[in-house]
Trainee: 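The structure is given below, and queries will be raised subsequently.
As the structure is a computational prediction, the values presented were derived from the model and not from experiment. In what follows, every chain begins at residue 1, and chains take the letters A, B, ... in the order their sequences are listed.
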Amino acid sequence: MSFEPKNPMLKWVETRLPITGMLHHALYEYPTPKNLSYWWTFGSLAGFMLVVQLITGIVLSMHYTAHVDLAFDSVEHIMRDVNYGWLLRYMHSNGASMFFIVVYLHIFRGLYYGSYKAPRELLWWLGLVIFLLMMATAFMGYVLPWGQMSFWGATVITNLFGAIPVVGDTIVTWLWGGFSVDNPTLNRFFSLHYLLPFVIVGVVILHIWALHTSGSNNPTGIEIKDKQDSIPFHPYYTVKDLFGLALFLIVFSAFLFYAPNWMGHPDNYIPANPLVTPAHIVPEWYFLPFYAILRAVPDKLGGVMLMFGAIAVLFALPWLDKSRIRSARFRPIYKQLFWIFLIDCVVLTYIGGQPAEEPFILVGRIATGYYFLHILVLLPLVGMFEKPKPLPASISADVLPKKSSDKEASNA
Amino acid sequence: MLKLIKTLSVAALLTVVSIAGAQAAGGGIELKSATWKHEGLFGTYDRAAAQRGLQVYQEVCAGCHSLRHVAFRTLADLGFSEAEIKALAKEATFVGGPDDDGEMFDRPGQPSDKFPSPFANEKAARASNGGAFPPDLSLIVKARGGFENYLYSLLIGYDDAPEGFDLPEGMNYNTFFSGHKIAMPAPLSEDGVEYSDGTPATVDQMAKDVTVFLAWTAEPKLEHRKNMGMKVILFLLLMSGLFYAVKRKIWAELH
């Protein structure tokens with residue numbers, strides 16, 4: 001079990017700090033279910049995107065100036081004068097979107113295969129914490145170019161905290177560092193935008209630690225029972241993930257090189273102007289579902305609570321979902337509900353980008369209602385009444401029979 | 001794998017539809033569109049059009065609009081020679097100094113200078129334009145929904161106000177401007193400039209040319225970007241094939 005390096009140098013280090021052993025254990029030996037599909041690639045893709053954002057971000061910050069009079073121009077300086085500055089900046093701005101795409105797919109994978117259920121509750125929680133930190137980081141990052149959407153997005157979102165009773169206004173002033181979104185706000189957002197990714201790295205390490213403690217879930221949702229069911233992570237999943245990474249990078253490149261502003265908003269190429277409010281203030285696309293939930297309630301405090309509630313209920317998922325079966329493959333009713341829930345989230349995304357007028361308001365309310373209905377009511381009920389399909393005896397029993405019958409067929 | 005691709009493409013389609021829907025919201029009037037040579041996977045800027053567009057900018061728009069992110073030296077990308085760029089820059093005057101006596105002085109522009117602004121500050125610009133502010137044009141093509149087509153439409157969209165339309169003094173009617181009341185008087189008129197390459201200077205021609213020029217000022221690295229993109233994607237396709245083959249081989253040993 002324990003790792004014995006051959007190289008005397010490594011051996012010397014290993015006896016004092018067993019770090020190579022730890023990495024060896026995590027990458028080589030980590031027993032992984034042999035039946036993971038490509039849906040399991042999005043976790044490592046998310047890790048990859050975190051590194052991309054860190055590297056491009058650190059280099060960008062060498063050329064960026066966090067000051068209301070200079071920020072916009074310094075971004076243009078990066079785009080025009082810095083060697084490959086346009087590439088770095090487009091990588092970083094599109095990278096944020098790709099990061100969210102990958103993480104959303106990762107989360108929905110978890111929902112489909114019940115990856116949040118015991119004993120993976122903490123793993124799930126840590127994932128949600130990463131998601132929250134990502135949202136905070138992305139929000140503050142979007143403010144940095146100091147365009148119109150940066151400024152007005154920051155104004156709208158920070159103002160939400162004003163809805164908190166009694167201390168709301170004090171909190172908003174404290175967030176702003178003054179009485180409006182201004183230079184102190186930009187400076188602290190830059191500082192935090194640089195800090196939070198490293199906090200994310202820390203939580204990612206905990207997330208992986210928790211993962212390696214309880215082991216990966218898999219498409220059958222049943223645990224590894226014996227050696228037959230698992231394979232070492234390397235080389236099997238390293239090579240599978242590399243293939244997934246190459247495909248993913250093609251999609252990323254398509255945006256990066258051929259439509260780098262498609263996911264952005266034209267107004268952010270107009271320098272911030274506190275005196276001119278844009279016609280429609282829309283957040284980045286990855287916030288749209290939450291923005292739709294926020295606006296579904298006519299009352300500001302209610303909207304804010306519902307928006308945060310939308311994420312809070314996800315923390316309770318391991319207890320709300322009463323079914324002991326993990327994978328939707330064996331849950332005929334939950335499987336249908338999953339897809340309806342996914343469509344509901346897409347509808348919310350669409351509504352979040354629309355102006356606050358009919359019929360969008362009504363559709364937004366129905367979709368918001370369904371979001372909570374699914375998680376708070378349907379999920380617990382289905383778990384009680386659903387009759388699951390029979391589970392396979394083991395992971396390998398699920399994978400192998402088909403294979404052996406294939407073989408027999410070809411031998412015959 | 002196939003199922004994954006299917007599900008992913010459906011998801012992608014849904015997302016694209018919902019985001020595109022979000023972006024389209026607010027538009028309204030259908031813009032006039034033209035074909036831009038710099039569009040598409042291999043599109044490059046039409047150098048002749050961009051050069052004529054620079055002339056339109058300098059002779060018409062520069063009286064009111066700045067182009068403050070663009071340095072003269074970058075005109076080399078549009079095919080201007082070093083001598084031409086020096087000569088162009090020299091026509092502009094900048095405040096230099098302070099000299100050894102602490103005095104500021106006027107100096108001719110250099111290729112490293114950015115285009116000069118017609119007004120000292122926003123207040124001065126507003127004072128000369130009936131209270132309206134002519135925005136900087138460096139990024140204008142990326143800063144309006146509709147992009148090239150919007151700018152082109154705006155420039156050819158001047159018309160008489162329809163019967164009963166309330167047009168305040170000093171305002172002009174434009175089909176494509178939101179609210180139709182624009183403070184900018186129709187900037188282009190037939191033969192407003194004289195093209196050195198003999199192209200007839202119709203309003204439509206000038207509008208197209210200046211749009212190409214301003215598309216370039218907004219996105220000067222477009223050609224480099226697409227060129228690199230092609231190489232990167234070809235490389236990635238190759239790597240995908242390679243990784244897929246290796247994956248098949250490694251996994252084959254498993255069973």
Trainee: May I ask you to check whether over 12 heavy atoms, not counting those of B:Lys32, lie within 6.0 Å of atom NZ?
Mentor: no

Trainee: Could you check whether any side-chain heavy atom of B:Met228 comes within less than 4.5 Å of a side-chain heavy atom of A:Tyr84, counting everything from C-beta outward?
Mentor: yes

Trainee: Find the distance between NZ (B:Lys142) and CE (A:Met79) and round it off to the nearest 0.5 Å.
Mentor: 4.0 Å

Trainee: Under 4.5 Å from any heavy atom of chain A, what part of B:Phe235 do you find: side chain, backbone, both or neither?
Mentor: neither

Trainee: To the nearest 0.5 Å, what is the distance between CZ on B:Phe243 and NZ on A:Lys240?
Mentor: 15.5 Å

Trainee: One thing to verify: whether B:Arg73 and A:Asp81 come together as a salt bridge, which I'm taking to mean a side-chain N less than 4.0 angstrom from a carboxylate O.
Mentor: yes

Trainee: Between B:Arg144 and A:Asp267, is there a side-chain N and carboxylate O pair less than 4.0 Å apart?
Mentor: no

Trainee: May I ask you to decide if the ring planes of A:Phe243 and B:Tyr244 are parallel, tilted or perpendicular, using 30° and 60° as cut-offs?
Mentor: tilted

Trainee: Any side-chain to backbone donor/acceptor pair from A:Tyr258 onto B:Met230? Under 3.5 Å, distance only.
Mentor: yes

Trainee: Would you say the ring centroid of A:Phe257 lies under 6.0 angstrom from that of B:His224?
Mentor: no

Trainee: For residues 170-182 of chain B, which residue pairs qualify under side-chain hydrogen bond (donor to acceptor under 3.5 Å, both in side chains), counting only residues two or more places apart or in two chains?
Mentor: none

Trainee: Roughly how far, to the nearest 0.5 Å, is CZ of A:Arg80 from NZ of B:Lys114?
Mentor: 8.0 Å

